[in-house]
Amino acid sequence: MSQYKDLFIEVEEHLGVCLTEQGMTNEQAINSAMNEVFEKRGIIFDKDTIREVAEQILEDWRMNDGY
């Protein structure tokens, strides 16, 4: 479970940078996370898992912002 939590944190941080500092769209940020995080953790998590985590984070942010 700790590895999944670490992945969640890493993806969340990556999305934050992509969206706020680099001005990417949600889809661009997801694809970037899939490529960047996958290179670091390719053995443990596949790209589909990273995509699912990224989409869940974006949905959580959307719900928390009231959109």
Side-chain angles (χ1 to χ4, degrees):
M1 187 65 169
S2 177
Q3 292 175 335
Y4 189 78
K5 184 177 178 180
D6 291 344
L7 175 69
F8 192 92
I9 291 168
E10 190 170 344
V11 170
E12 185 172 38
E13 289 173 354
H14 186 85
L15 290 174
V17 169
C18 289
L19 295 169
T20 59
E21 294 177 18
Q22 298 178 0
M24 292 184 182
T25 65
N26 286 355
E27 190 62 33
Q28 289 171 327
I30 290 170
N31 289 331
S32 176
M34 287 171 49
N35 291 327
E36 292 296 321
V37 176
F38 178 77
E39 288 179 12
K40 296 177 188 171
R41 298 186 175 270
I43 296 171
I44 301 170
F45 298 102
D46 62 17
K47 287 186 177 187
D48 290 334
T49 301
I50 295 170
R51 174 176 275 286
E52 289 174 19
V53 167
E55 289 174 344
Q56 183 60 52
I57 291 167
L58 291 172
E59 180 63 19
D60 291 347
W61 287 351
R62 186 183 70 77
M63 294 301 289
N64 288 336
D65 288 342
Y67 292 107

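Any value given below was found using the heavy atoms of this structure, including those in side chains, with hydrogens, waters and symmetry copies removed. None of the values given here were measured: they were computed from a predicted structure.
Trp61 and Glu12 make their closest contact through NE1-OE2, 3.3 Å (heavy atoms, listed as atom of the first residue, atom of the second, distance). The nearest pair of heavy atoms linking Met34 to Ile50 is CA-CG2, 3.7 Å. Scanning both residues, Ile30 and Ala54, for their nearest heavy atoms gives CG1-CB, 4.0 Å.
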Tell me which donor-acceptor pairs under 3.5 Å the side chains of residues 17-24 have, and how far apart each pair is, sequence neighbours excluded?
| unit_1 | atom_1 | unit_2 | atom_2 | d |
| --- | --- | --- | --- | --- |
| Thr20 | OG1 | Gly16 | O | 2.5 |

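Applying the salt bridge (charged side-chain N to carboxylate O under 4.0 Å, His left out) criterion to Glu13, with sequence neighbours excluded, gives no partner residue. With sequence neighbours excluded, the residues satisfying salt bridge (charged side-chain N to carboxylate O under 4.0 Å, His left out) with Glu27 are Arg51. Partners of Gln56 under the side-chain hydrogen bond (donor to acceptor under 3.5 Å, both in side chains) rule, at least two apart in sequence or in another chain, are Asp60.
One distance of note links CG of Asn26 with CG of Leu58; it measures 4.5 Å at 0.5 Å rounding. Taking NE2 from His14 and CG from Leu7, the interatomic distance works out to 12.0 Å, rounded to the nearest 0.5 Å.
Cluster annotation: Tyr4 is connected to Val11 through the hydrophobic network of ILVMFWY side chains, with a link wherever side-chain heavy atoms come within less than 4.5 Å.
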Practice task
Please report the C-alpha distance between Lys47 and Val37 in whole Å, then the side-chain angles of each, then the deciding distance to 0.1 Å, and finally whether the side-chain contact (heavy atoms from CB on, under 4.5 Å) criterion is met.
Solution key: CA-CA 9 Å; Lys47 287 186 177 187; Val37 176; over 6 Å; no

